[in-house]
Asks: 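Before I ask anything, here is the structure I am working with.
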Amino acid sequence: MYIVFLISSGVLHAVVCLHNRKFPPGFQFGAATSAYQIEGAWNVSDKGESICDRFSRDHPELITDKSNAEVACDSYRKWRVDIQAVQDLGLDFYRFSTAWTRLLPTGFSNEISKDGVNYYNNLINGLLEKNIKPIITLYHWDLPQRLQDLGGWTNPLIADWFEQYADVVFRLFGDRVKMWVTINEPLLMCDFNYNTGTLAPRIKDPDTATYLCTKHVLIAHAKAWRLYDRKYRHKYHGILSIANHVVWFDPLTPKHEDEAELAREYTVGRYAHPIYSKEGGWPKVIEQKMTEYSKKKGFPTSRLPAFTPEEIKLVRGSYDYFAINYYTSRLVRKALPGDEAAVFFDTGAPELGLTFIKDPNWPSGGHNFIPSYPKGLRSIISWLKQKYGNLHFFISENGYGNFDSGLDDYDRVEYFHQHLEQVLHSIHDDHANVTGFTAWTLMDNYEWLSGYTLRFGLYHVDFTNPERKRTPRASAHYIAKTVKKRTLETPVKKQHTQSQAQNGKSKTNVNLFCLLISVTVIVCTKYF
Ligand code: NOJ
């Protein structure tokens, strides 16, 4: 009897162990890049000037290595090499962005660049020939300078200009592109840009511009989604989402749970609630806090601009899936006098009296803005699922930056391994409908204020070589193996920082236990 029990529980355990390491059928793997970060060819043919071109040319002193992206990875010329790189990893899809100014040199849709269209046609057709699904991001921060001169994301007309640009891209490529991201990381474009004034368009205006941008991004996204829905969906059957940069917030101590929840609503809910919730509009608690704080600061109305009932309706439900860019988490407590001045999700939210803290035990590749906390990914997916339902979740970015340009990037391997493990927990234990994972990024590229010093690539890029040679790193081999087996691979070599070693030990124990049970089962089946 005892033996029967042992055998059956052994079989069960072995099956569960193996099952929990498997990605479900249909789960897709890919890698991402963005136009400004890789293309170069900033003024080739009739391409117009973007805010990124202008910023890096005028302010090299603000970039760590004083570089710009005028050549970057030279992907404008090397698109065949990029496709080959994606194919060599066995990826299912490649997420890239179209440069607004390459397609519409003036920013407006009355003039379309032939060379721009050719470039993206070549890339899309080349991917499809290799059976790689193209995913297009319409906007990855490179606004036409001309539109910036008219106010950029603080001008409500931006929503119409974006819709017109989206119309052109859907019309040109919609027959072959079936998955779209409208706008990449509004949290960074609005909160980071206007709170710090450090990135293009280099305007610091936390009081007003941040929240005008928040609202206009949501309207722009919704207009593009509705346009697709009306005009293209019936013939092209694609799916669209905005890609939100989601940060998980844990309470510093259990008594700070209310503060942590407020931080989640402010940082994630402000961009998600208007689209994904049943009632639409801003999260109530954020609307109320922003009104109180604005009053306290002497503003006659809330700095978070109200939605009209028509706008609430326009934005609510404008999604087909939920694109998640996840990199990092924070701990939260109430702000205390003397706390560092708050800079969006990095250090806190003055409006809410919150201070955000990085746990010193979370490893980072020397870039302390995005320390690694893999469990945060599972937590934020659960939070989103609980708030908005079990939507179609898709990890549109996840990646690890370090200042090491070597090929043996075991810290990055460990980062991907630990995050993929959390994705599997979300799928198998929390029953979340997560359907894909995107590594940021295919290859080292122009990392905004860090120039070429901070590397995220599965492929190393030699920026001193005119050919911009790409060489796969250990992380590229790790991802390729995982994709091939559709199973979570155990990294070959682990980084032995204290916490990782600890983590590694317990994982090895679980694996050994699984193995032991499986052997027992085989022996028992054979001899009893
Ligand atoms: C997210 C952004 O989408 C991407 O452009 C950036 O390079 C990575 N984060 C890393 O910072």
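Note that the coordinates shown come from a computational prediction; the quantities given were computed from them, not determined experimentally.
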Asks: Distance alone, cut at 3.5 Å: any donor-acceptor contact between the side chains of Tyr94 and Thr33?
Replies: yes
Asks: For Thr101 and Asp142, run side-chain contact (heavy atoms from CB on, under 4.5 Å): C-alpha distance rounded to whole Å, both residues' side-chain angles, the deciding distance at 0.1 Å, then the answer.
Replies: CA-CA 8 Å; Thr101 50; Asp142 44 357; 5.6 Å; no
Asks: For Arg95 versus Glu397, what's the shortest heavy-atom pair and its separation?
Replies: NH1-OE2, 3.1 Å
Asks: Quick check on Asn131: does its CG atom have over 12 non-hydrogen neighbours (other residues, nucleotides or ligands) under 6.0 Å away?
Replies: no
Asks: By salt bridge (charged side-chain N to carboxylate O under 4.0 Å, His left out), which residues pair with Arg77, not counting sequence neighbours?
Replies: Asp74
Asks: So which pairs with a foot in residues 105-129 pass salt bridge (Lys or Arg N to Asp or Glu O under 4.0 Å), sequence neighbours left out?
Replies: none
Asks: Taking the six-membered ring for Trp and the full ring for Phe, Tyr or His, determine whether the centres of His245 and Trp440 are under 6.0 Å apart.
Replies: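 Between His245 and Trp440, the centre distance exceeds or equals 6.0 Å.
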Asks: Using side-chain heavy atoms (C-beta onward) and a distance below 4.5 Å, is Val247 in contact with Tyr327?
Replies: no
Asks: Looking only at atom types and distance, does a side-chain atom of Asp430 sit under 3.5 Å from a main-chain N or O of Ala432, one as donor and one as acceptor?
Replies: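 Absent.
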Asks: His417 side chain to Glu489 main-chain N or O, any donor-acceptor pair under 3.5 Å?
Replies: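 Yes, because the side chain of His417 sits within donor-acceptor range (under 3.5 Å) of the backbone of Glu489.
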Asks: Can you tell me if Lys178 has over 12 outside heavy atoms packed within less than 6.0 Å of its NZ?
Replies: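 More than 12 heavy atoms, drawn from other residues, nucleotides or ligands, come within 6.0 Å of this atom.
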Asks: Given the side-chain rings of Phe29 and Phe23, with only the six-membered ring counted for Trp, is the space between their centroids under 6.0 Å?
Replies: yes
Asks: Tell me, with the steps shown, if Asp462 and Lys469 meet salt bridge (charged side-chain N to carboxylate O under 4.0 Å, His left out).
Replies: CA-CA 5 Å; Asp462 182 357; Lys469 191 171 181 311; over 6 Å; no
Asks: Apply the test ring-ring contact (aromatic ring centres under 6.0 Å, His included) to residues Tyr236 and Phe170: give CA-CA distance (whole Å), side-chain angles for both, the deciding distance (0.1 Å), then the verdict.
Replies: CA-CA 9 Å; Tyr236 294 151; Phe170 294 150; 9.1 Å; no
Asks: So which heavy atom on Pro274 is nearest to which on Tyr271, and how close?
Replies: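 Nearest heavy atoms, Pro274 then Tyr271: CD-C, 4.0 Å.
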Asks: Checking Ser241 side chain against Tyr319 main chain: does a donor-acceptor pair fall under 3.5 Å?
Replies: no
Asks: Spell out, as yes or no, whether a donor-acceptor pair under 3.5 Å connects the side chain of Arg378 to the backbone of Gln422.
Replies: no
Asks: Taking only residues two or more places apart in sequence, or in another chain, which ones meet Val81 in a side chain to side chain contact (heavy atoms under 4.5 Å, CB included)?
Replies: Lys78, Arg470
Asks: Check whether His425 reaches the backbone of Lys375 with its side chain - one donor and one acceptor, N or O, closer than 3.5 Å.
Replies: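 A pair under 3.5 Å: no.
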Asks: Taking atom CG of Asp149 and atom CG of Asn155, what is their separation to the nearest 0.5 Å?
Replies: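 One finds 12.0 Å between CG of Asp149 and CG of Asn155.
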Asks: Any side-chain heavy atom of Leu103 within less than 4.5 Å of one from Val168?
Replies: no
Asks: Taking atom types as modelled, find out whether Asp191 and Thr210 have a side-chain donor-acceptor pair closer than 3.5 angstrom.
Replies: no
Asks: Which heavy atom of Ser329 sits nearest to which heavy atom of Gly376, and what is that distance?
Replies: OG-CA, 3.6 Å
Asks: Restricting to non-hydrogen atoms, name the atom on Tyr459 and the atom on Arg473 that form the minimum distance, rounded to 0.1 Å.
Replies: O-NH1, 3.7 Å
Asks: So Tyr326 and His419, ring-ring contact (aromatic ring centres under 6.0 Å, His included) or not? Walk me through it.
Replies: CA-CA 9 Å; Tyr326 175 82; His419 284 78; 5.8 Å; yes
Asks: Please evaluate residues Lys215 and Glu311 with respect to the criterion side-chain contact (heavy atoms from CB on, under 4.5 Å), reporting the C-alpha separation (whole Å), side-chain torsions for both, the decisive distance (0.1 Å), and the verdict.
Replies: CA-CA 10 Å; Lys215 178 175 171 186; Glu311 287 169 341; 2.9 Å; yes
Asks: For Tyr119 and Ser113, test the side chains for any donor-to-acceptor distance below 3.5 angstrom and give the result as yes or no.
Replies: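 Side-chain D/A pair, Tyr119 to Ser113: absent.
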Asks: Decide whether Tyr36 and Ser56 meet the rule of one side-chain donor and one side-chain acceptor closer than 3.5 Å.
Replies: yes
Asks: Per the salt bridge (Lys or Arg N to Asp or Glu O under 4.0 Å) rule, what does the pair list look like for residues 31-52, sequence neighbours excluded?
Replies: Glu39-Arg102, Lys47-Asp53, Glu49-Arg54, Glu49-Arg57
Asks: How many angstroms lie between CD1 in Ile395 and CD in Gln28, if you round to the nearest 0.5 Å?
Replies: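 Here the rounded value is 13.5 Å.
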Asks: How far apart are the closest heavy atoms of Gln418 and Pro374, and which atoms are they?
Replies: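 Nearest pair, atom of Gln418 first, then Pro374: OE1-CG, 3.3 Å.
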Asks: Spell out, as yes or no, whether a donor-acceptor pair under 3.5 Å connects the side chain of Tyr165 to the backbone of Leu138.
Replies: yes
Asks: Backbone N or O of Trp225 within a donor-acceptor pair of the Asp229 side chain at under 3.5 Å?
Replies: no
Asks: Provide the full list of disulfide (SG to SG under 2.5 Å) pairs with a residue in residues 78-192, sequence neighbours left out, each pair given once.
Replies: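 Of all non-adjacent pairs touching residues 78-192, those that pass disulfide (SG to SG under 2.5 Å) are Cys190-Cys213.
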Asks: After noting the C-alpha distance and the side-chain angles of Tyr410 and Glu414, does the key distance pass the side-chain contact (heavy atoms from CB on, under 4.5 Å) rule?
Replies: CA-CA 6 Å; Tyr410 297 109; Glu414 197 62 41; over 6 Å; no
Asks: Side chains of Asn184 and Thr137: do they bring a donor and an acceptor to under 3.5 Å?
Replies: no
Asks: Once salt bridge (charged side-chain N to carboxylate O under 4.0 Å, His left out) is applied, do any residues pair with Arg486, and if so which ones, sequence neighbours excluded?
Replies: Asp92
Asks: Between Thr438 and Ser396, what is the shortest heavy-atom contact and its length?
Replies: CB-O, 3.2 Å
Asks: Any donor and acceptor pair, going by atom type alone, linking the side chain of Asp409 with main-chain N or O of Ser475 inside 3.5 Å?
Replies: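 Looks like yes, one N/O pair under 3.5 Å.
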Asks: Kindly write out the residues that satisfy disulfide bond (SG atoms under 2.5 Å apart) with Cys73, not counting sequence neighbours, or none if the list is empty.
Replies: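 Partners of Cys73 under the disulfide bond (SG atoms under 2.5 Å apart) test: none.
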Asks: Does Lys231 have any side chain to side chain contact (heavy atoms under 4.5 Å, CB included) partners at least two apart in sequence or in another chain, and if so, which?
Replies: Asp167, Leu227
Asks: Before you tell me yes or no, could you show the steps for Val434 and Phe27 under side-chain contact (heavy atoms from CB on, under 4.5 Å), namely the whole-Å CA-CA distance, both residues' side-chain angles and the distance that decides it to 0.1 Å?
Replies: CA-CA 8 Å; Val434 187; Phe27 191 90; 4.3 Å; yes
Asks: For His216 and Trp153, indicate whether the former's side chain and the latter's backbone hold a donor-acceptor pair under 3.5 Å.
Replies: yes
Asks: Out of curiosity, Trp79 CH2 to Leu127 CG, how far, rounded to the nearest 0.5 Å?
Replies: 9.5 Å
Asks: Side-chain donor-acceptor pair under 3.5 Å between Tyr415 and Asn402, yes or no?
Replies: no
Asks: Who are the salt bridge (charged side-chain N to carboxylate O under 4.0 Å, His left out) partners of Lys223, not counting sequence neighbours?
Replies: Asp160
Asks: Just to verify, what does Ala272 make a side chain to side chain contact (heavy atoms under 4.5 Å, CB included) with, not counting sequence neighbours?
Replies: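 With neighbours one apart ignored, the set is Asn244, Tyr276, Phe322, Tyr388.
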Asks: Hey, does the side chain of Trp100 reach the backbone of Tyr139 with a donor-acceptor pair shorter than 3.5 angstrom?
Replies: no
Asks: Please report the interatomic distance CD1(Ile203) to CG(Asn193), rounded to the nearest 0.5 Å.
Replies: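 Those atoms lie 9.5 Å apart.
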Asks: Just jot down the side chain to side chain contact (heavy atoms under 4.5 Å, CB included) partners of Ala72, sequence neighbours excluded, or say none.
Replies: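 Counting only residues at least two positions away or on another chain, Ala72 forms a side chain to side chain contact (heavy atoms under 4.5 Å, CB included) with Ala69, Tyr452.
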Asks: Tell me, please, which residues at least two apart from Asp88 pass salt bridge (charged side-chain N to carboxylate O under 4.0 Å, His left out).
Replies: none
